[in-house]
Amino acid sequence: MALKKLDFEIKLFIVIGLFIFYLVTKEAYTVPLTHDEYNTIACSQTSFWDIVTYKDPVPNNHILNTLFIKLNIALFGDHLFTNRLHNFLFFIPFFVYLVLSSRLLFKDIGLRIGLVCLIVLQPFLLDFFAVTRGYGLCISFQMISIYYLIKRLRDGNVKDLAKSAGWAAVGVYANFTLLNYFIPLIFVLLVSSIRTYFKTNKNLFFRECGILFTIASILAIIIIIPVQKMVSTKQFVYWGSKGFYEDTAKQLFIGMRSGVEYFGTTNETLVILILSFIVSVILLGLVFMYRLKDKKYLIYFYSLLLLIIGYNIAQFYFLEVPYLNSRTALFFIPLVSIVFYLGLESFYNFSKTGGLVLLILTNSLVLQHFIRGYKVNVIHEWSYDASTFEVLDYYKNLVESGQAPKPVKVNCYWIFYPSMRYHVEHGYGEFVELAPYNTKIDDDQQSLYYYTESSEREKLLSRFDIVKDIGGKLIMKSKVQ
């Protein structure tokens, strides 16, 4: 019977994994370049030394991610799909280690499947495996780190401690925001070492301390110059200063909404409802913790989450580092999901019926949100760039039908410029000539067409006619030809 259950579970996870991987790959192939990807790819065109030393201290340079893009371009040329190759391929280890983690954490198959679905069916998270930014990459390394943390807590193995810290450090090199996970993790691993070996085996204890110190020191050496450059040039201006709830928790939940409509509910109301539900289940886990035979996972992961939140708040007040925003806080999704399901397990052991109701409710909400929120042709964080191909194809068709000169001179609102420029340079240059960046439309007497957002409609109607409306984004044609 156990073997049949195992076979069913493995088959189910294989089906889920392959299906989601197909969707992420299709998204990476379908979606036009998004706004921030242009500078990320530009960073990869510089030398290896300039990349690792942050010669150009822009937050688009997620070092390990940038090096992967550089490798992709060297192997395949500068093509958007292959530039994104490493990110959607790294969904595979992310999913595999998520499944392995769920199997270590929970004996109940329903809880294992529920945890995997809660994390992997988040449209907002999946989007970042389909672009050239470093967020998806670092979440993959974080998931590997979490797996070895669980193994360490279960077995007390020195190698697992080293692997957990080591993979977290690699994740930091893919995206510095994972420092917010790495530093509290080191503290948790140190506490684990104290509890495991301090009284019984001093040699192993000091060996583990040495391992943690070595990993942290190596990471500090290779990132100290880039971090200093980011701080000195104020690269954190896009983060927040209102507080952890307003800038981080709230913005992350709004991002995870992925634009899905819920009966006209405002973001503020929806965030309060979801957060209240999550916190209630987590608190239930604490109340009924006594029903768990093995409490270490709940204690350590609850503590890790609280430490990360505390660290975020502390670094704001003591180091003047602003609070994270939605995409820089992505690493919270696996952690909060694990803590949520550990709380659910605790309650489930107290009340099978109540736990089952919560499990079914959670999975139902997650599944319907995924079905309604995930789109292979839109990256929600940069949804305004989803129409780039449609706009450029419109210009191309005008040229090919003789309705516009070849190439047709066009301009666009600044927010659309990186995506437009990249695709003009990579396929549409024969048909479209894009005005130089920052060419103000008020001063532009050359462009025949202007692609802009609806907020500019009124001020431009005296000079331009609207020829196409793409969901509030406008293609306008000059009245003077």
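Just so you know, these numbers come straight off a predicted model, no measurement behind them.
Residues F94 and F129 place their aromatic rings such that the two centres sit under 6.0 Å apart. Between Y135 and F128, the gap from one ring centroid to the other is short of 6.0 Å.
Between D442 and R463, the closest side-chain pair of non-hydrogen atoms falls below 4.5 Å. Between D36 and R133, some side-chain heavy-atom pair lies under the 4.5 Å cut-off. Between Y450 and Y413, the closest side-chain pair of non-hydrogen atoms falls below 4.5 Å. Contact annotation: the side chain of T439 never approaches that of W414 to less than 4.5 Å [non-hydrogen atoms, C-beta and beyond]. A 4.5 Å side-chain heavy-atom check between I470 and E390 finds at least one atom pair inside the cut-off. Contact check for V52 versus W49: side-chain heavy atoms found under the 4.5 Å cut-off. Within the 4.5 Å cutoff, the side chain of L23 has heavy atoms near those of the Y374 side chain. In this structure, the side chains of I16 and F19 stay at 4.5 Å or more apart for every pair of heavy atoms.
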Test ring pair (Phe, Tyr, Trp, His ring centres under 6.0 Å) applied to F301 and Y297, step by step: CA-CA 6 Å; F301 274 96; Y297 295 138; 7.2 Å; no
Stepwise salt bridge (charged side-chain N to carboxylate O under 4.0 Å, His left out) check, R327 with D127: CA-CA 10 Å; R327 64 177 179 265; D127 280 348; over 6 Å; no
L100 and V96: side chain to side chain contact (heavy atoms under 4.5 Å, CB included), yes or no, with the steps? CA-CA 6 Å; L100 292 175; V96 168; 4.0 Å; yes
Go through I218 and T214 one step at a time and tell me if the side chain to side chain contact (heavy atoms under 4.5 Å, CB included) criterion holds. CA-CA 6 Å; I218 292 172; T214 301; 3.8 Å; yes
List the steps, then state whether ring pair (Phe, Tyr, Trp, His ring centres under 6.0 Å) holds for F340 with F277. CA-CA 10 Å; F340 176 86; F277 177 63; 5.7 Å; yes
Given the rule in the ring pair (Phe, Tyr, Trp, His ring centres under 6.0 Å) test, do Y97 and Y147 qualify, once you have shown the distances and angles that lead to the verdict? CA-CA 6 Å; Y97 280 93; Y147 168 72; 5.3 Å; yes
Verdict with reasoning, Y181 to S145, per side chain to side chain contact (heavy atoms under 4.5 Å, CB included): CA-CA 10 Å; Y181 164 77; S145 169; 2.8 Å; yes
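Between the side chain of N87 and the backbone N or O of A130 there is no donor-acceptor pair closer than 3.5 Å. With hydrogens and angles disregarded, no donor-acceptor distance shorter than 3.5 Å links the side chain of R372 to the backbone of V260. Remark: the backbone N or O of N325 is paired with a side-chain donor or acceptor of T328 at under 3.5 angstrom. Remark: side-chain polar atoms of H62 are paired, donor with acceptor, to backbone N or O of G134 under 3.5 angstrom. Under a 3.5 Å cut-off, the side chain of S276 and the backbone N or O of I272 do form a donor-acceptor pair. A donor-acceptor pair under 3.5 Å is formed between the side chain of N312 and the backbone N or O of I308. With S326 contributing its side chain and L252 its backbone, the two residues share no donor-acceptor pair below 3.5 Å. Of the possible donor and acceptor atoms, one in the side chain of H369 sits under 3.5 Å from a partner among the backbone N and O of M256. The backbone N or O of L324 lies less than 3.5 Å from a partner atom in the side chain of T248, making a donor-acceptor pair. Listed for the N201 side chain is a donor-acceptor partner under 3.5 Å among the backbone atoms of L204.
A donor-acceptor pair shorter than 3.5 Å can be found between the side chains of D393 and Y428. One side chain, S387 or K473, offers a donor N or O that lies under 3.5 Å from an acceptor on the other. Looking at R421 and Y38, their side chains do bring a donor and an acceptor atom within 3.5 Å of each other. Side-chain contact of Y323 with Q251: a donor-acceptor pair under 3.5 Å is absent, judged by distance alone. Between the side chains of H86 and N65, at least one donor-acceptor pair of N or O atoms lies under 3.5 Å. Using modelled atom types and a 3.5 Å distance limit, the side chains of N411 and Y417 yield no donor-acceptor pair. Of the N and O atoms on the side chains of E37 and T40, not one donor lies less than 3.5 Å from an acceptor on the other residue. Under the 3.5 Å distance criterion, with hydrogens and angles disregarded, a donor-acceptor pair is assigned to the side chains of N267 and R257. Between T66 and N61, the side chains place a donor N or O and an acceptor N or O closer than 3.5 Å (distance only, hydrogens not considered). T266 and T269 form a side-chain donor-acceptor contact under 3.5 Å, judged by distance and modelled atom types alone. Side-chain atoms of Q228 and Y54 form no donor-acceptor pair, as typed in the model, at a separation below 3.5 Å.
The nearest pair of heavy atoms linking I51 to C43 is CG1-O, 3.6 Å. A pairwise comparison of heavy atoms in L33 and P418 identifies CD2-O, 3.6 Å as the closest pair. Between A386 and P32, the shortest heavy-atom distance links the atoms O-CG, 3.9 Å. In terms of heavy-atom proximity, A165 sits nearest to L185 at CA-CD2, 4.3 Å. Here the shortest heavy-atom pairing between I278 and V336 reads CG2-CG1, 4.0 Å. The shortest heavy-atom contact between S258 and G373 is CB-O, 4.1 Å.
The structure places CG of L161 at 9.0 Å from CG of L149, a figure rounded to the nearest 0.5 Å. Considering OH of Y449 and CE of M476, their distance stands at 12.5 Å, rounded to 0.5 Å. Atom OG of S193 is separated from atom CD of E208 by 3.5 Å, given to the nearest 0.5 angstrom. Atoms CD1 and CD1, on I41 and I69 in that order, are 6.0 Å from each other to the nearest 0.5 Å. Remark: M420 CE to C412 SG distance equals 5.0 Å, nearest 0.5 Å. In this structure, CG in L273 is found 11.5 Å from OH in Y262, a value given to the nearest 0.5 Å.
Partner of F68 under the ring-ring contact (aromatic ring centres under 6.0 Å, His included) criterion, out of F88, F90, Y173: F90 alone. Residue Y422 is tested with T34, T388, D78 for a side-chain contact (heavy atoms from CB on, under 4.5 Å); the sole match is D78.
With sequence neighbours excluded, the residues forming a salt bridge (charged side-chain N to carboxylate O under 4.0 Å, His left out) with K250 are E246, E268, listed by chain and number. When the side-chain hydrogen bond (donor to acceptor under 3.5 Å, both in side chains) test is applied to Y311, the partners found at least two apart in sequence or on another chain are Q315.
Environment of NZ in K440: sparse, with no more than 12 heavy atoms of neighbouring residues, nucleotides or ligands closer than 6.0 Å.
Using a 30° and 60° split on the angle between ring planes, F416 and Y451 fall in the parallel class, below 30°.
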